[in-house]
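Following: one structure in structure tokens, then a few remarks.
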Amino acid sequence: SAAADAYVARIHESASWGGLFVAHHYTRYLGDLSGGQAIGRIIAREFGLADGVGTAFYSFEQVPKPKLYKDAYRARLDALPLDHVERERVLDEVRTVFSLNGGLFAEMTTHLDTYRR
């Protein structure tokens, strides 16, 4: 899909500096460990999916206690040796990632009837 291609391209671009890649990792892990869990359940219910089929993206089997993981992750982020400009660059990338993620959902929404079983 066009939205997925744009997202993947941005991930590849982020490899130019680790701080940008951290923004993608942050969005994936903290975002999906929070709201993503609910999204995965809704998708499974709405589309009659079971056993993680179609929702594996939202599965974090290696994270048994999400709150502890998220707290430790945030502490590590806070400890990164970034100056003010670098922090702003990471935050800008997080905003971009959220926008790209929104593009994925918007694109999927236009095809919902196609995806239904």
Side-chain angles (χ1 to χ4, degrees):
S1 75
D5 289 344
Y7 204 132
V8 169
R10 189 62 184 213
I11 290 171
H12 287 291
E13 290 171 22
S14 76
S16 66
W17 180 59
L20 297 178
F21 192 75
V22 165
H24 288 267
H25 193 272
Y26 165 84
T27 304
R28 164 75 174 122
Y29 281 90
L30 264 53
D32 289 335
L33 274 170
S34 300
Q37 299 301 291
I39 292 169
R41 286 190 297 275
I42 292 167
I43 289 170
R45 183 181 63 239
E46 289 297 314
F47 294 99
L49 303 173
D51 301 322
V53 175
T55 59
F57 183 81
Y58 299 106
S59 176
F60 293 88
E61 294 173 5
Q62 299 298 316
V63 183
K65 297 185 184 263
K67 177 161 180 8
L68 294 177
Y69 180 90
K70 291 187 290 187
D71 290 347
Y73 190 100
R74 285 186 192 100
R76 288 185 184 113
L77 283 178
D78 290 344
L80 288 175
L82 302 175
D83 63 29
H84 176 72
V85 172
E86 291 169 327
R87 284 182 185 267
E88 287 302 313
R89 192 171 171 203
V90 171
L91 289 172
D92 286 344
E93 188 68 10
V94 168
R95 291 180 193 104
T96 298
V97 174
F98 274 106
S99 177
L100 289 166
N101 204 27
L104 286 171
F105 280 107
E107 186 177 77
M108 286 189 315
T109 300
T110 64
H111 301 289
L112 281 181
D113 289 335
T114 305
Y115 301 141
R116 284 198 196 281
R117 295 178 182 212

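- For residues 58-67, the pairs satisfying salt bridge (Lys or Arg N to Asp or Glu O under 4.0 Å) are K67-D71, with sequence neighbours left out.
- Counting heavy-atom neighbours within 6.0 Å of Y73 OH, excluding the residue itself, gives a total above 12.
- Side-chain contact between T55 and F47 is absent, with no heavy-atom pair separated by less than 4.5 Å.
- Summarising the geometry, atom CG belonging to D5 is positioned 8.5 Å from atom CD belonging to E107; distances are rounded to the nearest 0.5 Å.
- Follow the hydrophobic side-chain contacts under 4.5 Å out from I11 and you never reach L91; the two are in separate clusters.
- Expressed to the nearest 0.5 Å, how far CD1 of I39 lies from CZ of F57 amounts to 9.5 Å.
- Remark: Y29 OH to F60 CZ distance equals 6.0 Å, nearest 0.5 Å.
- Judged as a side chain to side chain donor-acceptor pair (under 3.5 Å), the pairs with a partner in residues 12-24 (not counting sequence neighbours) are, in order, H24-E93.
- The neighbour count for F21 CZ, taken as heavy atoms of other residues, nucleotides or ligands under 6.0 Å away, does not exceed 12.
- When V94, D32, V22 are each tested for a side chain to side chain contact (heavy atoms under 4.5 Å, CB included) with T27, only one passes: V94.
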Please tabulate, for the side chains in residues 96-106, all donor-acceptor contacts under 3.5 angstrom to protein atoms that are two or more places apart in sequence or on a different chain.
unit_1 : atom_1 : unit_2 : atom_2 : d
T96    : OG1    : D92    : O      : 3.1

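- You'll find the side chain of V63 reaches within 4.5 Å of the side chain of L33, heavy atoms only.
- Side-chain atoms of D83 come within 3.5 Å of backbone atoms of V85 as a donor-acceptor pair (strictly under, hydrogens ignored).
- Of all the heavy atoms in L20 and R89, the pair that sits closest is CD1-NH2, 3.7 Å.
- In this structure, K70 NZ and Y26 OH are separated by 10.0 Å, a value rounded to the nearest 0.5 Å.
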